[in-house]
Visitor: 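Mind having a look at this structure? Questions to follow.
Below, each value reflects all heavy atoms present in this structure, side chains not excepted, and no hydrogens, waters or symmetry copies. Chain A is the first sequence line, chain B the second, and so forth, proteins listed ahead of strands; every chain is numbered from 1.
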Amino acid sequence: MNKQEMADEALFQLLHIEIVSYVYKSAEQGEESGRCVTKLENMGFRVGQGLIERFTKDTARFKDELDVMKFICKDFWTSVFKKQIDNLRTNHQGIYVLQDNKFRLLTQMSAGKQYLEHAPKYLAFTCGLVRGALSNLGIKSIVTVEVTTMPACKFQVMIQKV
Amino acid sequence: MSRQSRRRSEKQQIDWHLPSTSSTGSAYHMGTELFILTYGTLVAQLCEDCEKDEDINKVLDKMGHNIGTRLVEDFLARSNITQCRNSYETAEVIAKVAFKMYLGVTPRVTFWNQAGDDCSLFLEKNPLRGYVEIPEKHSNLLYSNMICGILRGALKMVRLQVDIQLLHDSVNDDKVTEIRMKLMRRHKAVRTVEKEQKHPVGT
């Protein structure tokens with residue numbers, strides 16, 4: 001991995017931290033934290049839509065849902081976070097669990113239970129990212145995330161059958 | 001049922017490791033694209049939150065400042081640059097190394113003034129503006145103002161106070177982004193000195 005790639009990561013991580021801090025600061029006047037998470041998720045959604053358009057410009061058509069999820073786990077995650085998803089589970093009925101044992105946006109924060117209560121703020125954007133990516137691939141979904149020990153986290157994708 | 005995602009050799013076919021100077025360079029742009037798109041969403045959100053363009057510019061500058069204070073450490077760690085001897089070198093390092101490393105472009109450094117501390121950085125192709133169209137009602141918006149904030153914050157951490165302004169952001173027909181940078185002064189190093197105690201501390 002050359003220095004150029006990693007440099008981009010640092011820039012994005014710092015921007016992400018600033019965005020989270022801005023959204024929470026501008027909501028100090030009596031708004032609940034739920035609204036901030038929604039705002040961040042929507043921002044991630046828009047970015048995810050744009051990104052997936054760029055990435056899949058030249059790729060072949062996806063065979064099915066599972067193929068799409070594998071793409072997200074491997075290629076998409078690699079492009080965005082420079083690593084793959086460590087574990088993909090599914091119940092074959094529209095629920096997928098993506099497990100990342102060393103989530104890039106959390107590694108600098110803590111390696112255990114410290115700051116656990118702040119983790120959701122920094123994961124909302126990524127949830128939106130995944131939701132936006134899936135949306136532009138024609139899949140409507142709800143993405144949530146679960147963290148028990150930083151920096152590992154589990155993204156749960158629930159496909160909505162229209 | 002659980003699946004392990006295997007690292008297959010097909011991953012190597014997708015060449016994410018192309019150096020930025022390669023002719024196909026697209027792999028490099030992937031890295032900055034995330035940043036560019038995120039920046040765009042941020043500005044869009046700010047346009048909703050703030051009424052005046054001046055407020056948006058201020059917020060962008062402030063956020064840039066916070067980012068810059070941290071980014072400079074990352075920059076110094078990666079680039080192994082030694083101390084610059086004068087402002088020419090400083091400007092060159094910023095243009096040729098820093099911008100190249102983070103945004104993949106190299107602005108031109110020109111228009112030095114007599115005293116040699118005031119210069120302009122010209123970005124022919126501003127990467128931040130890649131997918132952006134600014135509507136008429138935000139004509140006073142300095143879209144790339146965060147870059148100024150980042151430079152200001154970063155230089156502050158190396159004890160250089162600068163006055164940075166974004167003069168033209170590539171709007172409408174103007175294709176060029178111009179950043180005016182004036183190096184004002186060096187901060188003095190703060191040293192803790194043992195002071196004589198006027199009033200001896202009681203036991």
Side-chain angles (χ1 to χ4, degrees), chain A residues 1-19 21-23 26-27 39-40 42-51 54-55 57-59 66 69-70 73-75 77-92 96-99 125 128-129, chain B residues 1-8 10-11 14 16-21 26-42 44-46 48-50 59-60 62-71 73-75 77-80 98 100-104 130-131 146 149-150:
Chain A
M1 233 199 267
N2 61 18
K3 286 184 176 175
Q4 219 81 46
E5 273 182 20
M6 293 165 76
D8 301 323
E9 211 186 336
L11 196 51
F12 170 70
Q13 278 201 26
L14 290 173
L15 179 64
H16 178 249
I17 291 172
E18 278 310 309
I19 292 178
S21 129
Y22 164 76
V23 168
S26 68
K39 249 192 202 171
L40 286 165
N42 287 333
M43 289 175 81
F45 181 79
R46 186 63 198 93
V47 176
Q49 284 184 315
L51 273 181
R54 303 287 298 166
F55 289 168
K57 203 166 52 155
D58 296 316
T59 42
L66 187 57
M69 292 312 295
K70 277 154 72 176
C73 293
K74 293 207 278 235
D75 304 320
W77 220 254
T78 311
S79 317
V80 176
F81 298 114
K82 312 294 188 292
K83 67 183 285 287
Q84 292 184 356
I85 285 278
D86 297 306
N87 201 339
L88 171 66
R89 284 195 177 90
T90 175
N91 68 354
H92 288 299
Y96 297 85
V97 178
L98 287 69
Q99 186 167 343
F125 186 87
L129 204 68
Chain B
M1 192 180 109
S2 80
R3 287 182 62 105
Q4 292 292 332
S5 45
R6 281 167 266 150
R7 280 166 213 263
R8 291 194 202 148
E10 69 179 52
K11 179 186 165 191
I14 308 166
W16 302 119
H17 304 291
L18 283 174
S20 59
T21 48
S26 60
Y28 176 74
H29 291 311
M30 291 298 186
T32 44
E33 264 172 36
L34 175 60
F35 176 73
I36 293 167
L37 287 171
T38 311
Y39 186 70
T41 352
L42 169 67
Q45 183 69 41
L46 284 172
E48 271 181 43
D49 292 341
C50 305
V59 171
L60 283 175
K62 191 154 151 297
M63 288 175 81
H65 177 266
N66 291 339
I67 292 179
T69 51
R70 296 176 181 102
L71 197 65
E73 290 178 14
D74 183 78
F75 171 70
R78 281 183 216 284
S79 63
N80 291 321
K100 186 94 174 95
M101 192 184 281
Y102 292 110
L103 291 176
Y131 312 114
M146 190 180 272
I150 293 181

Visitor: Could you state the interatomic distance from CG (A:Leu14) to CE (B:Met63), rounded to the nearest 0.5 Å?
Guide: 11.0 Å
Visitor: Once you round to the nearest 0.5 Å, how far does OG1 of B:Thr41 lie from CG of A:Leu40?
Guide: 10.5 Å
Visitor: As an exercise, state the distance from CG of B:Leu71 to CG of A:Leu11, rounded to the nearest 0.5 Å.
Guide: 5.5 Å
Visitor: For A:Gly50 and B:Leu37, work out which heavy atoms get closest and say how close.
Guide: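 That would be C-CD1, 3.8 Å.
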Visitor: Could you measure the distance from the CZ atom of A:Arg46 to the CD atom of B:Gln45? Nearest 0.5 Å is fine.
Guide: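 Atom-to-atom, A:Arg46:CZ and B:Gln45:CD are 13.0 Å apart.
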Visitor: Pick whichever of A:Val47, A:Val97, A:Val80 has the most heavy-atom pairs under 4.5 Å with chain B.
Guide: A:Val47
Visitor: Could you state the interatomic distance from CZ (A:Phe12) to CD1 (B:Ile36), rounded to the nearest 0.5 Å?
Guide: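 A:Phe12 atom CZ to B:Ile36 atom CD1 measures 12.5 Å (nearest 0.5 Å).
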Visitor: Under a 4.5 Å heavy-atom cutoff, which of B:Val59, B:Leu46, B:Ile150 has the most pairs with chain A?
Guide: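 Heavy-atom pairs under 4.5 Å are most numerous for B:Leu46.
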Visitor: Checking side-chain polar atoms at under 3.5 Å, does A:Tyr22 have a donor or acceptor matched by the opposite partner on B:Asp49?
Guide: yes
Visitor: Nearest 0.5 Å please: distance from the OG1 atom of B:Thr38 over to the CE atom of A:Met43.
Guide: 8.0 Å
Visitor: Indicate yes or no: at least one non-hydrogen side-chain atom of B:Arg70 is less than 4.5 angstrom from one of A:Gln13.
Guide: no
Visitor: Counting C-beta onward and ignoring hydrogens, is there a side-chain heavy-atom pair between A:Glu18 and B:Leu42 closer than 4.5 Å?
Guide: no
Visitor: Where does B:Tyr39 contact chain A at under 4.5 Å (heavy atoms): side chain, backbone, both or neither?
Guide: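 Both the backbone and the side chain of B:Tyr39 come within 4.5 Å of chain A.
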